[in-house]
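Report on the following structure.
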Number of protein chains: 2
Amino acid sequence: MKNSDFYTFRGYRIKDEKLLSPSMEDYIEMIYRLSIEKDIVRVNNLSEALNVQPPSITKMIKRLSNDGFVNYEKYGSIKLTEKGIEKGKFFLFRHETIYEFLELIGVKENLLEQTEKMEHAIYEETLEKISNLIIFLKNNIDFNS
Amino acid sequence: MKNSDFYTFRGYRIKDEKLLSPSMEDYIEMIYRLSIEKDIVRVNNLSEALNVQPPSITKMIKRLSNDGFVNYEKYGSIKLTEKGIEKGKFFLFRHETIYEFLELIGVKENLLEQTEKMEHAIYEETLEKISNLIIFLKNNIDFNS
DNA sequence: AAGGAATTTTAGCCAAAGCTAACTTTATAT
DNA sequence: ATATAAAGTTAGCTTTGGCTAAAATTCCTT
């Protein structure tokens, strides 16, 4: 392993351009969450849920719409496309898996915040391995005592 | 847990302004790494090691110098301050812990890249719990078969 | 000691993702 | 039905962390 195999965080995102940015992931995940709870999602709801001001929501929704994750027209309601729903499902599953994992190993402080930060950094293979690990740990519940 | 407990990735960084950015962490970690290998670290070396162009290095080093993590003067060599060394040590330990954890649970693809992305998202308490977990898993090595 | 090569810096550009202020559109209440 | 309130958009600013091109400095070779 040479030192030059390293990249900065940003470097990885640029290198691997098919990835959604963490923010895009957050938006899609939250739209998905919200659309389970209520049948209409608006700029408003997202703004509150993500603690981001409305103009920023508008801007990002345009981008997501452009990239085909969302159907949206001005002043309307926000609907995930098929592609968006797929992503949303995955992001929510990923979130819940990480949350459960952290809880299980005994993380107490800022559990939600820790999950939110971490989830964007987890690749699919890793998620799978963590899923397996959760099952194992649940059958060996004394591991943390 | 209300939806409005959520923040976007960026939101967390702004909220918690004492945190170093992922890039700053990468730089400090790499300077620390390099200064173990060689006794003089220059813009050059960092540029190669991080796959970032020299002007970007200069810019970031200025920032790190400003924030007291690094001693630097133009055209000179880059030296971590006490504060910087402390951080560097921690970041390297964190890196190695995450790497070992991922390896242990069976992650194979993009192991280094996965580690690099993930490490910035790990809080101290989580790192501690993962350390404990590693010890446990090593004594139960069949968990992944 | 001079001149070319290598290194570093400066200047200025870009995109992402926030923000505020001001404007427009839509919804609501009398 | 209209006035006001609420919601959403536009315009334009900011910071972060990259980049390239060009200038400056330092190093090395002869």
Side-chain angles (χ1 to χ4, degrees), chain A residues 6-31 34 38 40-67 69-79 116-117 120, chain B residues 6-31 34 38 40-67 69-79 116-117 120:
Chain A
F6 285 82
Y7 286 82
T8 59
F9 181 84
R10 199 188 175 98
Y12 279 122
R13 270 198 53 209
I14 291 158
K15 193 168 75 91
D16 196 353
E17 82 260 10
K18 74 177 177 304
L19 291 181
L20 293 163
S21 72
S23 282
M24 290 169 87
E25 293 191 354
D26 281 327
Y27 278 75
I28 292 173
E29 182 185 325
M30 187 55 81
I31 297 167
L34 291 175
K38 49 179 71 186
I40 277 185
V41 179
R42 318 190 117 275
V43 168
N44 215 8
N45 312 127
L46 265 182
S47 169
E48 214 217 313
L50 291 172
N51 287 285
V52 162
Q53 293 304 307
S56 309
I57 305 288
T58 301
K59 200 198 272 187
M60 182 59 99
I61 293 302
K62 273 183 190 162
R63 191 136 90 82
L64 291 176
S65 166
N66 236 51
D67 294 359
F69 294 106
V70 133
N71 281 133
Y72 186 65
E73 47 200 63
K74 270 196 195 181
Y75 301 102
S77 78
I78 301 160
K79 284 216 185 333
E116 279 280 303
K117 277 199 74 173
H120 305 293
Chain B
F6 284 82
Y7 286 82
T8 59
F9 182 84
R10 199 190 175 100
Y12 280 121
R13 267 197 58 207
I14 291 160
K15 192 168 76 92
D16 196 354
E17 81 259 13
K18 72 177 177 309
L19 291 180
L20 293 162
S21 72
S23 281
M24 291 168 85
E25 293 190 354
D26 282 326
Y27 278 75
I28 293 174
E29 181 185 325
M30 187 54 81
I31 297 167
L34 291 175
K38 50 179 70 185
I40 277 187
V41 179
R42 318 190 116 279
V43 168
N44 216 5
N45 312 127
L46 264 183
S47 168
E48 212 217 313
L50 291 173
N51 285 286
V52 162
Q53 293 304 308
S56 309
I57 305 288
T58 300
K59 200 196 273 187
M60 182 60 99
I61 292 302
K62 273 183 189 163
R63 191 136 91 82
L64 291 175
S65 167
N66 236 52
D67 294 359
F69 294 105
V70 133
N71 280 135
Y72 186 65
E73 47 200 63
K74 272 196 197 183
Y75 300 103
S77 78
I78 300 160
K79 283 214 186 334
E116 279 280 304
K117 276 199 74 173
H120 304 294

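Below, read A as the first sequence line, B as the second, and so on, with proteins coming before strands; counting in each chain starts at 1.
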What does A:Ser23 touch in the nucleic acid at a heavy-atom separation under 4.0 angstrom: a base, only the sugar-phosphate, or nothing?
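Result for A:Ser23 = sugar-phosphate.
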
Rounded to the nearest angstrom, tell me the gap between atom [atom1] in [X] and atom [atom2] in [N].
X       : N      : atom1 : atom2 : result
B:Glu73 : C:dT9  : CD    : P     : 11 Å
A:Asn66 : C:dA15 : CG    : P     : 14 Å
B:Ile61 : C:dT8  : CD1   : P     : 11 Å
A:Glu48 : D:dG8  : CD    : P     : 12 Å
A:Asn45 : D:dA7  : CG    : P     : 9 Å
A:Leu46 : D:dT9  : CG    : P     : 11 Å
A:Ile78 : D:dA7  : CD1   : P     : 14 Å
B:Gln53 : C:dT7  : CD    : P     : 13 Å

Could you tell me if the side chain of B:Leu46 sits less than 4.5 Å from the side chain of B:Ile31, heavy atoms only?
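Yes - at least one pair of side-chain heavy atoms lies under 4.5 Å apart.
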
Residue pair A:Glu25 / A:Ile28, side-chain heavy-atom distance below 4.5 Å:
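A:Glu25 vs A:Ile28: side chains apart.
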
What are the two closest non-hydrogen atoms of [X] and [Y], and how far apart are they?
X        : Y        : answer
A:Arg42  : A:Tyr75  : NH2-O, 3.4 Å
A:Ser77  : A:Ile40  : CB-CG2, 3.7 Å
B:His120 : B:Glu116 : CD2-O, 3.0 Å

With sequence neighbours excluded, residues passing side chain to side chain contact (heavy atoms under 4.5 Å, CB included) with A:Asp67
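If we apply the side chain to side chain contact (heavy atoms under 4.5 Å, CB included) test to A:Asp67, skipping adjacent residues, the hits are A:Met24, A:Arg63, A:Phe69.
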
Proximal nucleotide (of [options]) relative to the [X] side chain:
X       : options               : answer
B:Pro55 : D:dG18, D:dG8, D:dA21 : D:dA21
B:Pro54 : C:dA16, D:dT20, C:dT9 : C:dT9
B:Val43 : C:dA16, C:dT9, C:dG12 : C:dT9
B:Tyr72 : D:dG18, C:dT8, C:dG18 : C:dT8
A:Ser21 : C:dA16, D:dT20, D:dT9 : C:dA16

Closest-nucleotide ordering on DNA chain C, the 5'-leading residue of B:Ile57 and A:Lys59
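The 5'-side residue here is B:Ile57.
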
A:Thr58 side chain near D:dT9 phosphate (N/O to OP1/OP2, under 4.0 Å):
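Yes, such a contact exists.
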
OP1 or OP2 of D:dA6 versus the side-chain N and O atoms of A:Asn44: is any pair under 4.0 Å?
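No, because none of the side-chain N or O atoms of A:Asn44 sits under 4.0 Å from OP1 or OP2 of D:dA6.
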
How far does CG of A:Leu34 sit from CD of A:Glu29, to the nearest 0.5 angstrom?
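These two atoms lie 10.5 Å from each other.
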
Taking protein heavy atoms under 4.0 Å as touching, what does nucleotides 23-29 of chain D look like 5' to 3' if B marks base contact, S marks sugar-phosphate-only contact and - marks none?
-BSS---

